[in-house]
Amino acid sequence: MDKLKLGVLISGRGSNLQSLIEACADASFPAEIAWVISNVAGAAGLERAGTAGIPASVINHKEFSGIDDFEAAVNGVLAAAGVELVCLAGFMRLLSDGFVNRWHDRLINIHPSLLPAFKGLGVHERVIEAGVRFSGCTVHFVRAATDDGPIIVQAVVAVQAADAPDTLAARVLAEEHNIYPLAVRLIAEGRIKVRNEKVEISGCRPPAGALINPVNPAE
Ligand code: GRF
C-alpha cells in the first residue's frame with residue numbers, strides 16, 4: 001500500500017505532531033510523515049521529529065526578505081520530500097494566498113475551537129468569557145482567510161463551571177490528538193470530497209444522540 005506523504009509545519013511544542021507520529025507508527029495507518037518544517041529554531045517539536053527519526057528542517061522566516069522567499073523555501077523542501085498533504089500543527093505564521101491556492105484541498109489545519117466560532121488566538125479565554133457550554137476542536141482544509149475552510153472533523157468538549165483557560169485547553173488538546181490523525185486517515189483513505197466548499201465523507205457515520213450540558217439533575 002502506498003502511504004500518503006505528509007509534511008508537518010510547526011512552530012513550537014509539537015504535541016499534535018506527536019499524535020501524528022504515533023498514528024503513523026502503526027503499520028496499518030495509511031499515511032507517513034515525510035518531513036517536518038519549523039519556522040522556529042529550537043522548537044520542542046523538532047526534538048520529537050528527531051526522536052522518531054523523521055527528517056526536519058528549520059526555515060526561519062526572519063532570514064528571508066519577504067513571505068514569497070520564505071514560502072518558496074518551504075515549497076522547495078516539501079516538493080523534494082514528495083509531500084502530498086501539508087498539515088499545519090501549531091504553525092504560527094500566516095500563509096499567503098499563493099501558498100494556500102497551490103495546496104488547495106491538500107493543506108489542513110487544526111484549531112482549538114468549534115469553528116467557525118472563536119477563530120484566532122486566545123480561544124479558551126474567549127470561550128469561558130462567552131459562557132458557552134461546549135467548546136472543542138476542528139480540523140479543516142485551509143483557505144485564504146484565517147481559520148476558515150471546509151470542516152473535516154470536530155470533537156466537542158463540555159465546558160466545566162470550574163474551568164480556567166488552561167484546564168479547558170488541556171481537555172481540548174486531548175481531543176485534538178484524536179481528531180488530527182482521524183482526519184488524516186479519512187483523507188488518505190480517499191473518503192473525503194470537497195463539494196461546494198463542504199466536506200462529504202464516505203463510509204463513516206455520525207455519532208448517535210445529543211450532548212446536553214449540564215446533565216439534568218433529575219437524572
Ligand atoms: C494547538 O492547540 C492547535 O490547535 C493550535 O496550536 C496548538 C499547537 O499545539 N493550532 P502543539 O504545538 O501541537 O502542541
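Order of listing sets the numbers, starting from 1, for every ligand and every atom in it.
A side-chain donor-acceptor contact under 3.5 Å links S113 to the backbone of F118. Side chain of N213 to main chain of R133: a donor-acceptor pair is present (N/O by atom type, distance under 3.5 Å, no hydrogens or angles).
Cluster membership check: V8 does not share its hydrophobic cluster with L107, using side-chain heavy-atom separations under 4.5 Å among Ile, Leu, Val, Met, Phe, Trp and Tyr.
Close approach of ligand 1 to G14 is summarised as follows: ligand atoms under 4.0 Å from at least one heavy atom of the residue are 11 (P), 12 (O), 13 (O), 14 (O). Annotation for ligand 1: atoms under 4.0 Å from non-hydrogen atoms of R13 are 9 (O), 11 (P), 12 (O), 14 (O).
E176 OE2, 3.1 Å is the protein heavy atom nearest to atom 2 (O) of ligand 1. G90 CA, 3.5 Å is the protein heavy atom nearest to atom 8 (C) of ligand 1. Summary of contacts: the protein heavy atom closest to atom 11 (P) of ligand 1 is S15 N, 3.4 Å.
Ligand 1 has an N or O atom lying under 3.5 Å from an N or O atom of I110, backbone or side chain.
When the shell of 6.0 Å around CG of D26 is examined, it contains more than 12 heavy atoms from other residues, nucleotides or ligands.
D105 and R143 get closest at one heavy-atom pair: OD1-NH2, 2.7 Å.
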